[in-house]
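Note sheet for the following structure.
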Amino acid sequence: MIILGIETSCDETALSLLETRQEKDITQYKVLHNAVLSQIKLHEQYGGVFPMMAKREHAKNLVPLLVNVLEKSGLANIKKEPADAQKIAEITALLSAKEKELLAALLNEPALHNKPHVDTIAVTNGPGLEPALWVGVNFAKALSILWNIPAIPVNHMEGHIVASLLDPKSDLKHLSLKPLALPALALLISGGHTELVLINDIRDYSILGATRDDAVGEAFDKVARLLGLPYPGGPQISKLAHTERAAHPAPRKIYNLPRPMIHTSNYEFSFSGIKTSVLYTIRDIKEQGKELTDDIKQQIAREFEDAVTEVLIFKTKKAIEASAIQTLIIGGGVIANTYIRSQFEALAKKMNIVLLLPQAHLSTDNALMIALAGALMLQGELPEIHTIQDFKAQGNLSL
Ligand code: KG4
Ligand code: ZN
């Protein structure tokens with residue numbers, strides 16, 4: 001089965017083609033193509049992501065990106081003649097106004113008229129920025145009608161969970177999944193989420209706790225902005241913190257930040273207080289007539305990364321102990337952070353549990369994880385086509 005994954009929940013327009021093949025009891029996966037078109041350069045100048053701008057960019061980029069992905073994967077099925085007018089009229093009658101717009105764009109592209117060798121579509125329908133999500137969902141629906149193939153909705157956070165199951169030792173043509181000893185715990189840390197999720201089985205999740213305010217990635221982005229660093233802030237803070245740690249292995253501790261909610265008895269988090277402390281720290285520095293030098297920025301970045309990591313580690317450790325967890329999975333853009341990765345590697349070793357991390361390039365948003373979540377949902381069976389048209393984008397969808 002060949003699955004087209006579509007991801008437009010935030011500022012990455014991503015498409016992926018994943019082939020699954022059943023060999024005896026084992027499913028083999030082959031990545032035919034995985035494309036991520038980042039809008040970072042566009043949003044960077046405004047210091048964050050504007051949903052309506054993200055939506056416009058997704059709508060502009062999806063059709064050419066799909067043509068490119070089909071060509072690169074050798075699946076393009078180019079039709080030279082114009083599309084069948086009667087079929088188009090029939091299809092158009094089934095669509096909403098937004099879907100019609102995307103269909104019109106699809107129909108302007110002869111490379112997409114003929115159905116390529118794609119069996120089904122898996123599209124992120126939440127959580128995320130709702131206008132951005134709708135573009136992917138409408139695109140999937142228009143494509144599913146045009147090509148007469150089913151489309152299924154995928155939860156973006158489930159995508160982040162399954163991204164770590166892909167075995168990085170295998171090559172992209174013959175991927176298998178790592179074994180998953182249950183129960184497992186997933187710590188999901190992204191730009192929009194921070195949550196601890198108990199995994200009783202794949203697709204059987206219960207949320208132990210989540211952030212009450214800012215997500216970890218959001219805190220990285222906001223603190224970066226306070227330090228005058230560009231969006232997205234995670235990689236920038238990480239770089240500064242790394243330089244500081246190399247120069248001063250023992251923390252200088254001139255600037256101190258809180259570890260919010262670290263000792264509460266629940267699994268909830270709060271990160272907006274750290275950000276406010278950074279704001280006050282910077283204000284105090286300026287009131288003392290001092291400059292916010294690179295050296296000071298470095299110290300604050302390191303202290304911030306330490307504070308966030310300590311809280312994440314502490315709460316995760318508690319959840320592992322409480323539920324006799326066998327496997328720890330970490331997902332979401334923040335686990336691209338090398339320091340946080342290393343701290344969780346040390347924790348897993350100390351607690352003698354298996355740690356599954358996504359490869360660095362699959363930590364941040366991508367469509368391969370969406371196609372894989374779709375594959376695990378389908379288990380080799382195609383859904384019925386007539387059941388597909390009724391799902392919608394849901395910005396606050398939970399696991
Ligand atoms: O999962 P993701 O790509 O998008 C969402 O689903 O939100 O996560 C994006 C977040 C951003 O807040 C970004 O600053 C953060 O992940 N991030 C990092 C790093 N790389 C990306 N945070 C800390 N360190 C990094 N190296
Ligand atoms: Zn994400």
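Everything quoted here is computed from the prediction, not taken from an experiment. Read the numbers this way: they start at 1 and go in the same order the structure lists the ligands and their atoms.
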Taking the side chain as every heavy atom from C-beta outward, state whether I282 and L227 have any atom pair closer than 4.5 Å. yes
Starting from atom 7 (O) of ligand 1, what is the nearest protein heavy atom, named by residue and atom, and what distance separates them? G191 N, 2.8 Å
Residue selection (non-hydrogen contact nearest atom 23 (C) of ligand 1) among G233, G234, A163: G234
Considering only non-hydrogen protein atoms, determine which one is nearest to atom 13 (C) of ligand 1 and report residue, atom name and distance to 0.1 Å. D221 OD1, 3.8 Å
If I take every N, O or S atom of H156, is at least one of them less than 2.8 Å from the Zn ion (ligand 2)? yes
Need the ligand 1 atom indices (1-based, order shown) with element for anything under 4.0 Å from a heavy-atom of G192. 7 (O)
Any donor-acceptor N or O pair under 3.5 Å, side chains H156, D365: yes
Vertex the Zn ion (ligand 2): angle to NE2 of H160 and OD1 of D365, to 10°? 100°
Quick note on ligand 1: atoms under 4.0 Å from a heavy atom of T364 include exactly 3 (O)
Ligand 1 versus D365: contacting region, heavy-atom distance under 4.0 Å: both
For F314, does the six-membered ring have the charged nitrogen or CZ of R259 within the cation-pi criterion, i.e. under 6.0 angstrom from the centroid and within 45° of the normal? no
Would you find a donor on one side and an acceptor on the other, under 3.5 Å apart, between the side chain of Q45 and the backbone of L42? yes
Would P235 count as a contact residue for ligand 1, given that I'm defining contact as a non-hydrogen atom of the residue lying under 4.0 Å from a ligand atom? yes
Can a salt bridge be assigned to the pair E130 and K55 using a cut-off of 4.0 Å between side-chain N and carboxylate O? no
Sub-4.0 Å atoms of ligand 1 with respect to non-hydrogen atoms of N337: 23 (C), 24 (N), 25 (C), 26 (N)
State whether F304 and K275 meet the cation-pi test: NZ (Lys) or CZ (Arg) under 6.0 Å from the six-membered ring centroid, and within 45° of the perpendicular axis. no
Numbered atoms and elements of ligand 1 in range of G217, under 4.0 angstrom, heavy atoms: 12 (O)
Counting heavy atoms only, name the option from S363, G333, A219 that's nearest to atom 1 (O) of ligand 1. G333
State whether E321 and K318 are salt-bridged, where the test is any N-O pair (Lys NZ or Arg NE/NH1/NH2 against Asp/Glu carboxylate O) under 4.0 Å. no
Does R302 pair with E305 as a salt bridge, N-O distance under 4.0 Å? no
Between T20 and Q22, a side-chain donor and acceptor under 3.5 Å: no
Can you tell me if H156 has a non-hydrogen atom under 4.0 Å from ligand 1? yes
Atoms of ligand 1, numbered as shown, that sit under 4.0 Å from any heavy atom of A336: 20 (N), 26 (N)
Using a strict cut-off of less than 4.0 Å between a Lys/Arg side-chain nitrogen and an Asp/Glu carboxylate oxygen, indicate whether E345 and K349 qualify as a salt bridge. no
Proximity flag H160 to ligand 1, non-hydrogen atoms under 4.0 Å: yes
